[in-house]
Amino acid sequence: MSKLDDLVQKLCPNGVEYKSIPELFNTRNGYTPSKSQNAYWENGTIPWFRMEDIRENGRILSEATQYVSERAVKGTPFPANSIIVATSATIGEHALIKVPSLANQRFTYLMLKEDYSACMDIMFVYYYCFKLDEYCKVCLNQGNFASVDMKKFLKFKFPVPPLEVQREIVHILDSFTSLTAELTARKKQYEFYRDSLLTFKGDTKGYMLGDIATVTKLAGFEFTNYVTYSDEGNTIALRGLNVKNGKLNLENVKYIDYSDLSKLSRSKLYIGDMLFTYVGTVGQVALIDEDDKYYLAPNVALIRCDQRILMPKYMLYYFQSHQFWDKQINRLLQSSSMKNIPMEKIRKFEIAVPPMETQKRLVKVLDNFEAICTDLNIGLPAEIEARQKQYEYYRDLLLTFAETGSALVTELSIIKLIQYHDKRMNE
């Protein structure tokens with residue numbers, strides 16, 4: 001008999017109690033300190049979390065990309081080991097925050113009440129919040145802006161199994177995620193390596209982007225007067241959602257074969273052109289790899305560099321580096337209440353350009369390193385993708401409890417689950 005099965009049979013053979021969110025947690029919305037108060041944002045020591053932190057750094061967080069000062073805090077920061085749940089805009093995301101913090105207004109904080117802090121493992125709560133994420137997606141208010149119906153949100157219930165059972169489940173789920181953590185570490189290693197290679201002290205010339213590249217967009221009147229979308233065809237209008245993580249994503253595309261293409265010559269795309277998203281999710285980039293197939297859609301900028309001076313692939317890597325983001329994009333976004341960067345400011349981006357031979361060597365090295373990290377045909381990422389699917393399936397089974405007074409039933413017995421898990425971990 002497995003340890004978990006033994007604990008369940010011994011400590012909760014007839015099921016467990018369920019508690020609603022108000023019974024278990026103190027709840028409070030996050031907020032954004034006034035951007036007009038410079039003192040709130042200068043010399044900050046308190047992390048202020050946004051959705052970008054989850055996307056870039058995962059769901060267990062101790063550091064944020066932005067910090068605020070103590071003067072920006074209403075009362076005290078939210079306590080360490082709180083859960084933030086996205087209840088507006090991007091629904092279905094949560095994170096465990098390990099440090100005292102703030103988060104923006106898109107999140108609701110779940111803070112364990114003192115009466116339950118000794119009998120609930122916060123990692124068990126964190127894992128169970130994946131079920132809360134799915135619940136939130138189907139409990140939305142009606143309207144144009146996505147938000148969770150908070151009355152329904154507060155009715156969501158968490159199981160409260162004995163602490164020993166919680167900890168054993170956490171142990172099992174932690175082991176399932178170990179390979180994913182390895183991939184994350186490899187990604188960070190790559191980013192560090194890329195940033196180091198793209199930091200120059202010697203034979204490098206600085207340019208403003210507009211001096212060595214054409215930077216333009218699809219004008220509003222062009223889109224209104226000449227563009228007709230359809231769901232099939234050969235000529236694709238590349239939208240913001242088609243530009244992701246340095247590559248074109250063609251899972252969801254619109255075709256413009258029936259548009260007046262003679263009026264859209266300015267937005268026709270060629271091999272080597274780089275796309276840059278300047279509205280909404282700002283700063284995503286991708287290179288065009290085929291002629292006579294793509295045109296610009298709104299909210300995406302075209303950057304066509306002078307290839308006698310600048311390699312497009314070098315430019316792509318440079319735009320993804322942390323030093324470029326810190327000095328160019330984040331600085332502009334923090335000074336604006338809206339998430340967009342005007343064309344004239346994109347043209348003023350500064351870019352360090354080494355000699356062409358140096359660019360070629362850097363691109364070759366970074367291409368090879370990125371392939372090792374991301375190519376799904378190379379063993380580790382493919383294995384991690386398979387493990388992730390297994391993990392999500394077994395996580396849901398492990399976190400399924402009957403309420404007190406009912407038989408404990410799962411689709412797969414706990415014994416078989418653990419046997420399968422132990423076999424896989426030993427392979």
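Sequence positions, counted from 1, serve as the residue numbers for this chain.
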For this session: Can you tell me which residue pairs pass the side chain to side chain donor-acceptor pair (under 3.5 Å) test with a partner in residues 306-323, sequence neighbours excluded?
Result: Asp195-His322, Thr199-Gln323, Asp306-Arg308, Lys313-Asp367, Tyr317-Asp367, Tyr317-Glu370
Exercise. Are any of the side-chain heavy atoms of Arg304 and Tyr270 separated by less than 4.5 Å?
Worked result: yes
Exercise. How about Asp53 and Thr65: does a side-chain donor come under 3.5 Å of a side-chain acceptor?
Worked result: yes
Exercise. Does some side-chain heavy atom of Asp260 sit less than 4.5 Å from a side-chain heavy atom of Asn225?
Worked result: no
For this session: Verify, without hydrogens or angle tests, whether Thr277 (side chain) and Gln284 (backbone) share a donor-acceptor contact under 3.5 angstrom.
Result: yes
Seminar exercise, completed: Looking only at heavy atoms, the pair that brings Val99 and Ser62 closest together is CG2-O, 3.4 Å
Problem set entry | Any residue meeting side-chain hydrogen bond (donor to acceptor under 3.5 Å, both in side chains) with Glu93, in chain and number order, not counting sequence neighbours | Arg59
Exercise. Is the distance between the ring centroids of Phe130 and His94 under 6.0 Å?
Worked result: yes
Exercise. Would Asn29 and Gln105 count as a side-chain contact (heavy atoms from CB on, under 4.5 Å) if you check the C-alpha gap in whole Å, the side-chain angles of each, and the deciding distance to 0.1 Å?
Worked result: CA-CA 6 Å; Asn29 285 344; Gln105 61 274 16; 5.9 Å; no
For this session: Taking atom CZ of Arg71 as the centre, report whether more than 12 heavy atoms of other residues, nucleotides or ligands fall under 6.0 Å from it.
Result: no
For this session: Return yes if some donor-acceptor pair links the side-chain N/O of Ser230 with the main-chain N/O of Glu232 below 3.5 Å, else return no.
Result: yes
Exercise. In chain order, what residues pass the ring pair (Phe, Tyr, Trp, His ring centres under 6.0 Å) check against Tyr193, with sequence neighbours excluded?
Worked result: Phe369
For this session: Take atom NZ of Lys364 as the centre, draw a 6.0 Å sphere, and report whether it contains more than 12 heavy atoms from other residues, nucleotides or ligands.
Result: no
Exercise. Do any N or O atoms from the side chain of Asn26 and from the backbone of Lys113 form a donor-acceptor pair under 3.5 angstrom?
Worked result: no
For this session: Kindly give the heavy-atom pair with the smallest separation between Val353 and Thr204, and that separation in Å.
Result: N-CG2, 3.4 Å
Exercise. Cation-pi between Lys74 and Tyr31: NZ/CZ under 6.0 Å from ring centre and within 45° of the ring axis?
Worked result: yes
Exercise. Which atoms form the tightest heavy-atom contact between Leu238 and Val300, and what is the distance?
Worked result: O-CG2, 3.9 Å
Problem set entry | Salt bridge Lys360-Glu357, side-chain N to carboxylate O under 4.0 Å | yes
Problem set entry | Ser34-Ser36 side chain donor-acceptor pair, cut-off 3.5 Å | yes
For this session: Step through the shown structure and confirm whether more than 12 heavy atoms of other residues, nucleotides or ligands are within 6.0 Å of CD on Glu344.
Result: yes
For this session: Would you mind reporting whether Tyr116 and Val125 have side-chain heavy atoms less than 4.5 Å apart?
Result: no
Exercise. Does some side-chain heavy atom of Met150 sit less than 4.5 Å from a side-chain heavy atom of Thr87?
Worked result: yes
Exercise. Hey, are the side chains of Lys98 and Asn81 touching, using non-hydrogen atoms and a 4.5 Å cut-off?
Worked result: yes
For this session: Decide side-chain contact (heavy atoms from CB on, under 4.5 Å) for Met120 and Gln166; before the verdict, give the C-alpha distance in whole Å, the side-chain angles of both, and the deciding distance to 0.1 Å.
Result: CA-CA 8 Å; Met120 292 296 290; Gln166 295 180 45; 3.7 Å; yes
Seminar exercise, completed: Heavy atoms of Lys244 and Asn249 approach each other most closely as CD-ND2, 4.2 Å
For this session: Applying side-chain contact (heavy atoms from CB on, under 4.5 Å), run through Leu110 and Leu132 and close with a yes or a no.
Result: CA-CA 12 Å; Leu110 302 182; Leu132 177 57; 4.0 Å; yes
Exercise. Between Leu102 and Pro33, what is the shortest heavy-atom contact and its length?
Worked result: CD1-CG, 4.3 Å
Exercise. Do the two ring centres, one from Phe158 and one from Phe124, sit under 6.0 Å apart?
Worked result: no
Exercise. When you measure from the side chain of Arg347 to the backbone N and O of Val215, does any donor-acceptor pair fall under 3.5 Å?
Worked result: yes
Exercise. Can a donor-acceptor pair be found between the side chains of Tyr127 and Asp174 at a distance below 3.5 Å?
Worked result: yes
For this session: If the plane angle is over 60° it's perpendicular, under 30° parallel, otherwise tilted; pick one for Trp48 and Trp41.
Result: perpendicular
Problem set entry | Beyond-backbone contact of Leu140 with Val148, side-chain heavy atoms, under 4.5 angstrom | yes
Exercise. Looking at side-chain heavy atoms only, is the closest gap between Tyr294 and Asp273 below 4.5 Å?
Worked result: no
Exercise. What's the verdict on salt bridge (charged side-chain N to carboxylate O under 4.0 Å, His left out) for Lys137 and Glu134, showing C-alpha distance, side-chain angles and the deciding distance?
Worked result: CA-CA 5 Å; Lys137 291 177 183 178; Glu134 296 305 311; 3.2 Å; yes
For this session: Only one of Leu269, Ile256, Leu218, Leu302 passes side-chain contact (heavy atoms from CB on, under 4.5 Å) with Tyr295; say which it is.
Result: Ile256
Exercise. Can you check whether Lys217's main-chain N or O pairs, donor with acceptor, with Arg266's side chain at less than 3.5 Å?
Worked result: yes
Problem set entry | Closest heavy-atom pair and its distance - Gly283, Ile329 | CA-CD1, 4.1 Å
For this session: Indicate yes or no for a side-chain donor-acceptor contact from Asn242 to the backbone of Arg239 under 3.5 Å, with no hydrogens or angles considered.
Result: yes
Problem set entry | Intermediate values then yes/no, side-chain contact (heavy atoms from CB on, under 4.5 Å), Glu350 and Gln328 | CA-CA 8 Å; Glu350 296 176 0; Gln328 313 278 343; 3.5 Å; yes
Exercise. Quick check: does any side chain N or O of Asn104 sit under 3.5 Å from a backbone N or O of Gly30, one acting as donor and the other as acceptor?
Worked result: no
Exercise. Taking atom CD of Glu63 as the centre, does the number of heavy atoms from other residues, nucleotides or ligands within less than 6.0 Å exceed 12?
Worked result: no
Problem set entry | Side chain proximity check, Val285 to Met315, heavy atoms < 4.5 angstrom | no
Exercise. Just by modelled atom types, is the Ala103 backbone N or O under 3.5 Å from a matching donor or acceptor in the Tyr109 side chain?
Worked result: yes
